[in-house]
Protein chains: 2
Amino acid sequence: MSRLPQPDRAELRLSAVLDALADPVRLRLLADLAADGAEADAERSCGIEAWSVKVHKSTLSHHFKVLRDAGVTSTRVVGRNRWIRLRRDDLEARFPGLLGAVLAALPEELERAGAPRPEGSGGQAANLAR
Amino acid sequence: MSRLPQPDRAELRLSAVLDALADPVRLRLLADLAADGAEADAERSCGIEAWSVKVHKSTLSHHFKVLRDAGVTSTRVVGRNRWIRLRRDDLEARFPGLLGAVLAALPEELERAGAPRPEGSGGQAANLAR
DNA sequence: ATGATGGTTTGAAGATTGTCAAACCATTCT
DNA sequence: AGAATGGTTTGACAATCTTCAAACCATCAT
């Protein structure tokens with residue numbers, strides 16, 4: 001069991017994080033991740049079916065790399081599976097309030113963005129914010 | 001005296017704001033604006049000399065449009081001059097904590113990005129790496 | 001071993017974006 | 001009126017990004 005390469009907490013760059021977040025697909029992935037709960041160990045499989053965005057698996061892999069390189073997520077390798085989690089603590093330490101502000105605004109943003117609905121689209125909005 | 005078109009507070013979109021902020025030049029413009037103070041009426045002329053980023057004036061105009069269209073800034077037209085200000089209140093109302101978090105992280109980010117070139121070597125892409 | 005599975009890497013096509021230069025527009029000055 | 005000024009718009013070019021498809025790699029199952 002190992003971990004895919006990722007920047008240390010101290011190396012996190014604001015511009016990289018903003019860049020990573022400035023994409024509709026990645027925002028949706030973020031929402032999926034956040035919906036898993038605020039516990040530090042909440043992870044999600046890398047499999048296509050686990051996410052509300054339906055794109056090619058290589059595209060998904062690409063977006064995960066962007067998020068990981070920016071320091072937004074952490075990826076644990078177990079066998080041939082990957083488990084992804086939000087780096088809430090590191091982000092909060094480096095950019096206090098940033099992730100929370102984004103997560104809070106996310107449900108409404110996705111609503112307006114329309115299209116892909118997570119299939120149970122009620123209002124689990126409250127779960128997203130820490 | 002009029003005002004360049006801008007989205008209403010209720011129309012502000014998270015993705016547009018993140019997009020607008022996910023650029024090194026615009027982050028620097030934001031820092032310049034924020035440095036003017038937190039008063040709601042702190043404005044800054046649109047003139048090239050007023051900003052710490054040295055790019056062509058049409059490029060500057062383009063970036064201001066992106067910021068304005070995203071709702072980050074507001075532009076007042078006086079004669080042949082423009083006066084730009086941060087829409088702090090509107091941003092705070094729509095995305096509480098977001099602007100503050102970005103502004104707080106900005107000084108260190110600009111530090112790492114490398115200071116604005118005092119002299120010469122103005123290659124096209126040399127100004128700020130992405 | 002052989003094959004299937006989960007995910008990454010590479011390659012290529014199309015769309016976006018950042019930049020400068022030149023033309024343009026409206027306002028102000030002489 | 002004519003010229004200068006502050007900024008916008010348009011056009012073009014290079015760089016980057018998103019996406020899918022196909023090849024690839026490592027692990028697990030048979």
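Each chain gets a letter, A, B and so on, in the order the sequences are listed, and its residues count up from 1.
Distances shorter than 4.0 Å separate some side-chain N or O of A:H62 from OP1 or OP2 on D:dT18. Within the structure, a side-chain polar atom (N or O) of A:S61 is placed less than 4.0 Å from OP1 or OP2 of C:dT8. Close to D:dT8, at under 4.0 Å from its OP1 or OP2, lies no side-chain N or O of B:S58. Phosphate proximity of C:dT19 to B:H63: present, with a side-chain N or O under 4.0 Å from OP1 or OP2.
Between the C1' atom of C:dG6 and the CZ atom of A:R76 lies a distance of 15 Å, rounded to the nearest Å. When the C1' atom of C:dG18 is taken as reference, atom NZ of B:K65 falls 15 Å away, rounded to whole Å. Per the geometry, CG belonging to A:N81 stands 10 Å off P belonging to D:dA29, to the nearest Å. We find that CZ of A:R28 is positioned 16 Å from C1' of D:dT18, with the value rounded to whole Å. Rounding to whole angstrom units, CZ of residue B:R68 and P of D:dT8 are separated by 6 Å. Rounded to whole angstrom, the span from the CG atom of B:L60 across to the P atom of D:dG7 amounts to 9 Å. Counting to the nearest Å, the P atom of D:dG6 and the CG atom of B:L4 are 17 Å from each other. Distance A:R80 CZ to C:dT8 P: 14 Å, rounded to the nearest Å.
Within the 4.5 Å cutoff, the side chain of A:L98 has no heavy atoms near those of the A:L91 side chain.
If you check D:dT8, C:dG7, C:dG18 against the side chain of B:R26, the one that comes closest is C:dG18.
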B:S15 and A:E109: CA distance, side-chain angles, deciding distance, side chain to side chain donor-acceptor pair (under 3.5 Å) verdict: CA-CA 7 Å; B:S15 58; A:E109 169 66 23; 2.9 Å; yes

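Linking Ile, Leu, Val, Met, Phe, Trp and Tyr residues whenever their side-chain heavy atoms come within less than 4.5 Å places B:L18 and A:V25 in a single cluster. B:L27 and B:L103 end up in the same hydrophobic cluster when Ile, Leu, Val, Met, Phe, Trp and Tyr side chains are linked at under 4.5 Å.
Between B:K57 and B:V66, the residue anchored nearer the 5' end of DNA chain C, judged by the nucleotide with its closest heavy atom, is B:V66.
Between B:S74 and the choices B:R87, B:Q6, B:R68, the side-chain hydrogen bond (donor to acceptor under 3.5 Å, both in side chains) rule is met once, by B:Q6.
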